[in-house]
Structure formats: C-alpha cells, structure tokens
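Below you'll find the structure, written out as structure tokens, and then a few comments.
Whatever order the structure lists them in is the order used to number ligands and atoms, beginning at 1.
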Amino acid sequence: MADTTRKEDFANDLFPIQDTLEEMHHVNNPVLDLPRIEKQYLSQVTGYTQERNSFYFTDGRSKVEVKVFSEDIIRVRLAPEGSFLEDFSYAISFKEDNYVSYELEDTETHYHVKTNTVTCSVKKSNFFISFSEEDGEVLNNDFSAMHWEENQDYGGYYVYCTKEAQSDEVFFGLGDKASNLNLRGRRVKNWNSDTYSYAFNQDPLYKTIPFYIGITKGKAYGIFFDNTFKTFFDFASENQNQTSFWSEGGELQYYYIHGPQMMDVVKRYHSLTGTHYMPALWALGYHQCRWSYYPENKVRETAYEFRKREIPCDAIYLDIDYMDGYRCFTWNKRYFPDPKKMIADLSANGFKTVVMIDPGIKVDDSYWVFKQGHQNNYFCRRGDDYFMEGFVWPGRCQFPDFTNPEVRQWWGTLYKGLVEDGVAGFWNDMNEPAVFGRGTFPDDVRHQFEGHRGSHRKAHNIYGMQMVRATYDGLKKLYKNKRPFTISRAAYSGTQRYSSVWTGDNIATWEHLRIGTLQLQRLSVSGLSFCGTDIGGFTGEPDGELYTRWMQFGVFSPFMRVHSAGDTRDREPWSFGPDWEKICKKFIELRYKLLPYIYTSFWLQHKYGEPILRPIALIEQHLAKNLQREEEFTFGSQLLVSPVLHPGQLEKIVYLPEGTWYYYFDNNTYEGGKEHSIATPLDEMPFFVRGGSIIPEYPVMQFTGEKKVESLQLNFYFALGQHESTLYSDHGETFAYEQGVYVEKHFIADCTLSSVSIMQGEQGIYTPYYSDFKLYLIGLPFVPKTVKVDGLQVNLEKDAEGNTFIKIERDFKKITIH
Ligand code: GLC
C-alpha cells in the first residue's frame, strides 16, 4: 500500500503535528540529562476562591484546586501557570456525591477544608498541604510544597509531590510489582512493559496502578495519583523521611482517600475507579491453557482426557496459532477446518472456548481487518504522519488507536464472527503495547485520547486498558444479556471495570511461585481482584512438586488458569504422573466445591468493593508486628491460606489472625493471634476456615452447571460469639442481577457454650435452584438435643461418613440448637 503513509490521508487533520496543551506540560526524557532550569515551588498562599465543592488557592501565579469528592475523598490539583487542563480521566467512574457537607475554616495560619471525617489543610506561609483525621491527628503531610520543573525544549513540566514518610509508615498497593508487599525503601516506575521472564524486584512490569496505601500509627490512608504519563513513586528510598511521586508530564493531580481502616481505603478506591462486573460462574472454574493447543485434534484430545480422568475443567484456550498467519479474528483452516463444530462439541461436553486477540494488525491489503482499519483511518500515526509500524507475531503490523471511541466501537464489532462461532471468552495480550525489538511505540505516536489529543507518552499506560475496554463493550453487545469474559495483560487503574488480568510471562521456579502470591495480594488491594498467575510457570520446566504446589495456590487465585510457553513440556494436571495427578485433581475438585463461596466473594467485590485476596496487614493493621507478613492471606473474609513455597517442605509456620480457626482437612481447631507449626504433606496445604463461618459447598462437578444442586451444603464452623456470613446466588450468566435478580442471604450465627442460633435475612428477588440446605454442624462444644427451625422441631441426620447435619428449607428464618 504505497500511499498509506502519505500526508494527504489526513483529510480531517485528526493528528496535528504541533503539540497540544497537554503536550506542552511534558518533557521528553526522564533521565536527568536534559537542559533544565531550577525546580519551582508553590510559595505563600495569597487568597482563594470557591466554586461549589472546589476551593482554588493561589500564590499569585499558580493555582491549587482542593475538591471535596465525598466525605472521605478529596482531590488536589496543581496548575503551575494558573490554568487547569480539562478535567478528564480514564480511571474515574465516580458519580459525584452532591449531598456531601463540607466547610472552609480560615485561621491565621491555615485554610482548612473540612468534611465530617477528614480535613485538608493548606498552610498559608508555605502552601504545604496536610490531611488529618476527625480528632485532628495528621496522617499525611507535605515535606515540601508541590513543585515542577520546566524543560526548555518543550516548555512543559515534570510535576512532583513530596510528602513526609513517618518512621513507622509502611506502604502497600501499586498493582503489579514483583516485590515484597511493603514498598517502603523502594522506588518504582509505571510504564507498561512486556517483561518476558521477569525477575523479583524487576520494575516496571505490565500494569500501571498509581495508587498506594500508607499505614502509620495504625491508621491507613490512600493516594491515587491519576496521571497516565510515566510515573514514579519513591517510598522513603532516597530519603528515609520522604515519600514522593512524580510524573514526566500531565497534571499533578491526586486523590487523598481517608481510612482509617485499609479495608475502607480499598473500598473507596473502588468507589472511585469501579469494581469488576460480576463474572459468569464458569469463569471462576478451572481453565486449561497452553501456547498452543492445535490442531483441532489436540484440543479435542485434551478435553477428552479431562473428562476421562474426571478432572474438572471449564475452559480450554487457543493461543495465537489458531489464527491464519496470526491475523486476529481469523481461523487457521488447516488446523481448525470447522471451528464452529469443534466449539459446539466442546460446549456439549461442558467446555468453554477462550481465544487470544492481540492489538497488532498485519499489514496486508487482502486482510479485511487491515482494510477496514486503514480505510477508516483507525491506525496510530507517528508525529510525522507516517503510520506507526512495528513487528509482532504476524510480522509487519499497524495498531488501532484505542483511545479513539470510534476505533473502540469498530474493534468491538470485529468479534462478531468469533462470537457466532461460539467462542465464550477473549484474552487480550501484548497490549502494553508490545513491539518486537523496540519494546513499544516511540514517544511521538499520536493518540486521539478522547479528544484530548496527545502523544504516546500520555497514552502508553492506558493503551491496553482501552483495548480491553473496546473488547468488553463490543462483546457486551454481541452476547446480548450474557456476561463477557475477558483477560488483559496490560492495565491502568479502572481496568477492573472491563477485565480480569494475569501476571504475564512468569517462570517455573519456586521463587516465582512466591512472587505470584505477592503479586496477587497486591493486585487485589489495588482494585484488580480478578487476577491470576500462569499456574506452573510460563517459561522453564516445573517438576511435579512445584506444579502441584502451584496448583494448590491456584485454587485460591481468583483467576485459576494453567498456562505455559510453546517450547515447554506438557502441563496438563496428569503430565507429571499419577501421584501428582491425584493431588492436582483433589485440589481442582476443592475449587469446584468452594465455588459458591468464591462466587459470593466476587459479589462482595463487585457490589461493595471488598478485595478478594487480603493480606494480613489489611486484616490486622492495628498490630504493627503483622504489617510485614506476606505468606498468609485470606480469600474473602473467611478462608485463610498459606501456600507452600519451598520444595520438600513438610511443615510451615503459619500465623492465624485473632479468633478460632479450623484446619479445613481435619476440622481441628487452632487459636488465632499467634503462629502455629502446620504439617504440609504434599496432598494438603495450610488452609483454614474462620470459626463462626457458614461456608457453602457444591458437590464436585466436572464443569460448572453440570449438576443442578437441589440441596445446598452449608458448613457451619462453631465459634463463641456472633458471626455473619453471606451467600450470593443468581442466574450465573446474565446481567439480570443489575435489575435485582439475585439473592444475597445473610446468616447471623449466635453461639454460646450450650446453644447456637442462626438467623437468616435476605435481599434480592431471585429464586435459587436449591430448595433446601444441608447444614453441617462442625465443632459444637455440646451434644445437640433439640433443634428447632422456625419453632418446629427437626431431626438431626447423619450422612454416609457419619457427619451430622440438619436438612432445612431454604427460606428458614431462625434455627435454634440446644
Ligand atoms: C505472550 C503472552 C503469553 C502467550 C504468548 C503467545 O508472551 O504473555 O501468555 O502465550 O504471548 O501468544
């Protein structure tokens, strides 16, 4: 296509070469070797103006906006020259709280912007900004006034914010960092990068989540630095008493999120950036992936083996080789002569088919996707108007500009054929974006950016998010009322509204198993709870033990998928011989038993922003000694695990938070608030249930929905006191839950040494399939004599293994046991 790169193509001059306003706020090179002039700081506050919930403070030249978003969220923005950029963000999905009450107090030394829970103070003499609690205790304070640095080449700025770091302060968050949970002492960078076989502490990786949580004096707060340029965070690394964040361009704009519980900070961060939509139940089953399963026979054989060996599995993946010459949205007809038939057969056997889609579109005049994209001017261009070209799997490619809503709309329609073929889920990869050789796009690539045009420096970190957004939005239309399933490798804050994520190309080593446990805990408190690792490791070869221990951790990974590179040996649960297969099968079955609990945890994430994986620091932040613990974590609020991370390990020290805990495999109880030595035979792992919980369990199924559960098992684990449990049910596949077609049941258990009462309340209008419960009583300190359900006496029953249970109607109001 000789003329594709000519300037005449720009009939509408969509991409002017001269820099836009945002570009003017940017300097080119992060390394400190450019000609620079001195840093400039805000000076004394000379006055303020107010527009509704925004207060604009000035030092005569610059302006700072302090905006009350809600009772607990305050945004700060800096305009060095006094004029703000247009208020736009890809991350924020927050609807402003119009009823929030706030006031401004003007004292001799400060202006205080106050809500009922948090105060933002601006010091008049030096423009330092601080945030304090209701009782006046300051949690977060500027170390220096906000500042910026001009670059003479561009006339733009680096923007900086430097805060005090308290001596006891620890830092969590930042999404996808392969390092210890507490980030204190580290400096990190956000620039989405394709990092094949990354190492511990390697930075940056695939995702940008510029949100952190600080905990000092037992209290937590959050900072979300909503800036899509390359950003940096220094957590008391360069200076022990300072925490800084800065960017190569764009605005200095951050949200202060009040706690004081870390759980509250995370929930409020979710309220700003959104939660994950409710995934279809099948998406929470076990997924089998490989680069690549082809041809068709290989796929069928793999599926057949699962069913033959009775190892549950819900999804099978097709990596890039299903495509014709790696052209997205096509089939390689030699490998897959009749994909529709194959997918239908798999589906009849309970398997969903998930396929890969990359952003690079092969430059090929005879390829319909390329032709459409080209005719409509949908591909990214360089600063000199030439198309952005780079090599990826198909060879020479061009790349859609996903920051253009029209392009996203088009991209969404491209899935039509694959959806009609029966594909149930889509996996968006290489969307950092990754380009062979040069890593990513050059900085001068232009992006439409929702009308706020700018270069790749501004769009790079949100490119992947906008790709998967286009995918999700398109699928939502194509699947009509069915919930799409998407996975993305790159992300920016807010990606959880459109996709699950995985941690990219890890390595089959014990160290990487450990890194994975850190990454998933971190992603979870950073808004991306629907996350997983490549179980078994992507590159390299695990032995049976590593693979099996990783599978055990996989049960407690919100997204559970085995995946591996093309040049590795087989990775199916049976690939390491019958002994390992048996254990893997037991654990995959465990995943299926726990599905109603897992589904409920996803609901609590979706509805209330509760993270699915929770580090001990989130559960017991008041105990300073626990803030550094990272090997134990909970899945939801009631299950705790501590994956086995070393070969040959036969026991492990496990810390259990306060309360009573039941070891899942034998129901022995352990007292919380201390460490225990737990045996770790190969077919078990430290897995505990919090005393007082009611945990729903399904019978083992080969795939979700295989059996209709008429009588749902509930396991009640006795503990003194009052405890609440939730059980969520809905249709499992449609968006009807958005109209209230779901049921959220609450069980309140009240326990004494001689009695137990359980009350049930519920909300929602869905009638679940199960009509009764089988309530198992575990750990009662007394022998029950009378059991009454809503006043009527019922009998205790025993199952085949001699375990005691009561059969009760689904809609009971109250059970009493004496
Ligand atoms: C990338 C992905 C990996 C995939 C491979 C081939 O490396 O991270 O998961 O298998 O590309 O598509």
Side-chain angles (χ1 to χ4, degrees), residues 176 178 192-199 202 204-207 287-294 298-299 302 315-332 335-336 353-362 390-395 397 399 418 423 425-437 439-440 463-464 467-468 471 485-491 495 499-508 512 515-516 519-520 523 528 531-542 550 554 557 559-572:
D176 190 24
N192 294 354
S193 305
D194 176 12
T195 44
Y196 175 84
S197 288
Y198 51 92
Q202 184 173 325
L205 300 181
Y206 304 90
K207 302 172 185 68
H287 294 197
Q288 183 67 39
C289 186
R290 174 88 171 142
W291 177 16
S292 296
Y293 287 126
Y294 72 91
K298 180 73 192 162
V299 181
T302 309
I316 196 144
Y317 283 57
L318 304 181
D319 203 322
I320 45 176
D321 299 283
Y322 81 91
M323 303 175 197
D324 172 20
Y326 307 123
R327 289 170 187 81
C328 290
F329 309 104
T330 66
W331 286 98
N332 179 325
Y335 296 152
F336 297 96
T353 304
V354 179
V355 306
M356 154 119 12
I357 291 290
D358 289 335
I361 297 301
K362 189 176 178 70
F391 280 76
V392 209
W393 307 116
C397 287
F399 302 83
L418 292 171
V423 175
F426 291 90
W427 172 23
N428 282 175
D429 186 24
M430 307 293 273
N431 52 355
E432 291 70 32
V435 177
F436 294 159
T440 190
Y463 187 85
M467 176 189 182
V468 78
T471 302
F485 173 64
T486 45
I487 323 163
S488 179
R489 195 170 70 173
T495 300
S499 188
S500 64
V501 295
W502 93 105
T503 57
D505 299 343
N506 59 3
I507 313 174
H512 254 272
I515 295 173
Q519 283 175 298
L520 299 197
L523 283 165
L528 298 170
C531 53
T533 62
D534 283 352
I535 295 172
F538 180 71
T539 66
E541 300 290 354
W550 210 318
S557 301
F559 172 49
M560 186 185 187
R561 182 185 72 160
V562 165
H563 180 44
S564 51
D567 53 357
T568 58
R569 291 198 289 273
D570 289 353
R571 290 289 179 81
E572 291 74 38

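Considering backbone and side-chain N/O of Trp502, none are found under 3.5 Å from N/O of ligand 1. Taking distance alone, with nitrogen or oxygen atoms compared against 3.5 Å, Asp319 approaches ligand 1 more closely than that limit.
At the top of the distance list for atom 11 (O) of ligand 1, counting protein heavy atoms only, stands Asp429 OD2, 3.0 Å. Considering only non-hydrogen protein atoms, atom 7 (O) of ligand 1 sits nearest to Asp505 OD2, 2.7 Å. Of all protein heavy atoms, the one lying nearest to atom 9 (O) of ligand 1 is His563 NE2, 3.0 Å.
Closest non-hydrogen pair, Ser292 versus Asp319, comes out as OG-CB, 3.1 Å. The nearest pair of heavy atoms linking Met323 to Asn332 is O-CB, 3.2 Å. Pairing each heavy atom of Met430 with each of Pro359, the nearest pair is O-CG, 3.4 Å. Residue Gly536 comes nearest to Ala508 through the heavy atom pair O-CB, 3.2 Å, listed as atom of the first residue, atom of the second, then distance. Nearest heavy-atom pair across Gly504 and Tyr198 is C-CE2, 4.4 Å.
Ring pair Trp502/Trp427 is perpendicular by interplanar angle, where above 60° counts as perpendicular and below 30° as parallel.
If you look at Trp393 and Phe436, their ring centroids are closer than 6.0 Å. The six-membered or imidazole ring of Phe559 lies near that of His287, with a centre-to-centre distance under 6.0 Å.
When each atom of ligand 1 is checked for a heavy atom of Met356 under 4.0 Å away, the hits are 12 (O). Listed by number with element, the atoms of ligand 1 under 4.0 angstrom from any heavy atom of Ile320 are 6 (C), 12 (O). The contact set between ligand 1 and Arg489, taken as ligand atoms under 4.0 Å from a residue heavy atom, comprises 1 (C), 2 (C), 7 (O), 8 (O). Atoms of ligand 1 found under 4.0 Å from any heavy atom of Trp393, numbered from 1 in the order shown, are 6 (C), 11 (O).
Put simply, part of Trp427 is less than 4.0 Å from ligand 1, judged by heavy atoms.
Within the 4.0 Å heavy-atom criterion, the part of Phe538 lying near ligand 1 is the side chain and not the backbone.
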